[in-house]
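Computed from heavy atoms alone, side chains included, the values below leave out hydrogens, waters and symmetry copies.
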Amino acid sequence: MATLKLNNIKKRFGSTDVIHGVDLDVADGEFIVIVGPSGCGKSTLLRMVAGLETVSSGEISIDGKRVNDLEPMDRDIAMVFQNYALYPHMSVFENISYGLKIAKTPKAEIAERVATAAKMLQLAPYLDRKPRELSGGQRQRVAMGRAIVRKPSVFLFDEPLSNLDAKLRVQMRLEIKALQKELGITSLYVTHDQVEAMTLADRMVVMNGGVADQIGAPLEVYANPATTFVAGFIGSPATNFLPVAALSSPRAGAATIGIRPEHARLVHAGTGQTNGMVKFSEALGAETLVHLVLPAGESFTVRQDGTMPCPQEGEHCGIDWAQDSEIPFGADSRRIEIP
Amino acid sequence: MAERSGMVEKRGPGLWFTHLGLIIGVLIIFFPIWLAFVASTVTQPEITQPPMPLWPGDRFFENYRDALVSGVNAPVARMLANSLIMALGIAIGKIIISLLSAFAIVYFRFPGRRLFFWLIFLTLMLPVEVRIVPTYEVVAGFGMLNSYSGLIFPLIASATATFLFRQFFLTVPDELAEAARVDGARPMRFFIDILLPMSRTNIAALFVILFIYGWNQYLWPLLITTDPSMNTIVMGIKQMFPSGDDVADWPVIMATSILAMVPPIVVVISMQNLFIRGLVDSEK
């Protein structure tokens, strides 16, 4: 139970700046997801909070206490690694209890805490097994168990689900969310998967090139992206971007507008805001994604209901949307408000 | 059909010939050892007059007791103990030193890390024989002639083993070290609790190799032990050979040779099981 505060955190590797100053205030019990493409510095940021990387400048505090110079073990954190990092020669019980053993916790208390964690994670039948005798999902749970038993102030997750298959990932995602709610421990979760970020986060941090482009609640970020990067990264399929010059009427101050695929609809050629040629369409059952090419060469995606009529490839269509669903961006790719 | 396609038909005699070939090979290799064993169970005159006996005689217990208790220069039991101490000292010492130096080189960033690694690596190019005179000077200067420390210490540093452990440690995922750090393990704790158990297969394999290396040392013990009670068995056998007009006590010498072979065989066979189990169990 703790707050976490990052104050203008920067990281340099040699002469390369990796993180250019990130500020973040995490409230007690909040679930924060850091999302971004690979190489944006999100893992480095997490590792700095963990104490596995030094902080070049700025300050990290947990519960108001500066932890920049503390070893990981003294920061009262627990971390779940991408490849689980289980000790291969130890049983599940030993893996989970190793941290407690080092902290010289009494044996009876260790047994009790491991039993509680194992019950919570449905690991009780496997406590005597070695990690190699477990499935991917079970290993993932052991890694979680190792974090839980320590009762840390802050949980750190470094892409914990990326080694699992798609179905298990969805299931574990729900379990992690439920577990975090139940324990109420402040959590920092790194992922490159925007669906994970949307579903897990109380608030999410969208990182781009070492900068936090936007911090906010998932739906808020989705509805009001602060930059074209955020608009393009969050949401699948991605937001369509159109240069204002390509539109029939000008938009004051805006250089580009973004339109979410679900806000656009297909109409008869010549009657919409713009025209396009159908390249191909993906029928997903509940919905159909129609990919079009605009006259200037940009691609445009329209998401429509699965029951709507689907145009043929090569057909020319009009594309229409309500003007108030447009997301305008200035020439610097930042969001602008149109009066 | 079966005769022409041949696979099944050929298997019978083919298998036979294979086994016959292997058996003959084993017999050829085993024959000298058998002769040594036979010679260790008969009397001196029986050996010296042709034809040499091919079946064991009745003097097994007497000859082996003579060898173990009195020997020629020193009792064989004493030489066996010396060899055992030297071989164990070299094997265990080498493993401990190389584990620690590999741990330092892989997991710690200190000034001159690469330099030290290459210095260790460079010593690979200098076998004992090349540096034997200066080493002798040093050992003599420390007054370690005719002592176990003199037998063990000059041979205890091993670039090969350091290199092997370094390569193994490099394959251990970094996340394991980081997880241990988050769990609160200080470096030596991580080394003992995580790295050592994970290296046990490598340790077993190296122990076998290094034990035999230590056991078979000949030149170095020959140089620094002048007192027969410090002789190791491998050099001791040579010392038993007659010089000038002495008469060689062949049954005792042969009994000594057979005894000298036993400990390495025991080590190989007993460690082999652990070694294979380790390989089957290994997981990464």
Per-residue contacts, residues 33-46 of chain A versus chain B, heavy atoms under 4.5 Å: none
Are there over 12 heavy-atom neighbours, none belonging to Lys177(A), within less than 6.0 Å of that residue's NZ? yes
Looking at Leu176(B) and Pro88(A), what are the two nearest heavy atoms and their distance? CD1-CD, 4.0 Å
Is it true that, when you exclude Tyr148(B) itself, more than 12 heavy atoms of the residues, nucleotides or ligands shown sit nearer than 6.0 Å to its OH? yes
Separation of Met90(A) CE from Met198(B) CE (nearest 0.5 Å): 10.0 Å
Might you confirm whether atom CZ of Phe17(B) has over 12 heavy atoms from other residues, nucleotides or ligands at distances under 6.0 Å? no
Check whether Ala180(B) gets within reach of chain A through its side chain, its backbone, both or neither, counting any heavy atom under 4.5 Å. both
Working to the nearest 0.5 angstrom, can you tell me the gap between Arg186(B) CZ and Ile102(A) CD1? 9.5 Å
Measuring heavy-atom distances to chain B, does Ala147(A) have an atom under 4.5 Å in its side chain, in its backbone, in both, or in neither? neither
Got a sec, which pairs hit side chain to side chain donor-acceptor pair (under 3.5 Å) with one end in residues 107-123 of chain A, sequence neighbours left out? Glu109(A)-Arg113(A)
Would you check if the side chain of Arg75(A) reaches a backbone N or O of Val182(B) as a donor-acceptor pair within less than 3.5 Å? no
Write down the atom of Ala185(B), the atom of Met73(A), and the distance for their closest heavy-atom approach. O-CE, 4.3 Å
Around Asp128(A), counting heavy atoms of other residues, nucleotides and ligands shown, do more than 12 lie under 6.0 Å from its CG? no
Can you name the side chain to side chain donor-acceptor pair (under 3.5 Å) partners of Asp183(B), sequence neighbours left out? Tyr87(A)
Should we say atom NZ of Lys181(A) is surrounded by more than 12 heavy atoms from elsewhere, each under 6.0 Å from it? yes
Atom CG of Leu52(A) and atom CD of Glu175(B): how far apart are they, to the nearest 0.5 Å? 10.0 Å
Check for a donor-acceptor pair, side chain of His89(A) on one end and backbone N or O of Arg200(B) on the other, with a separation under 3.5 Å. no
Pairs flagged by side chain to side chain donor-acceptor pair (under 3.5 Å) wherever residues 107-117 of chain B is involved - sequence neighbours left out: none
Option in Glu71(A), Lys130(A), Met79(A) with maximal non-hydrogen atom pairs under 4.5 Å from chain B: Glu71(A)
Is the CZ atom of Phe116(B) crowded by more than 12 outside heavy atoms at less than 6.0 Å? no
Mind listing the closest non-hydrogen atom pair of Gly51(A) and Arg181(B) along with its distance? O-NH2, 3.2 Å
Applying a strict 4.5 Å limit to non-hydrogen atoms, the region of Asp174(B) in contact with chain A is neither
Which bit of Leu86(A) is near chain B, if near means a heavy-atom gap under 4.5 Å: side chain, backbone, both or neither? backbone
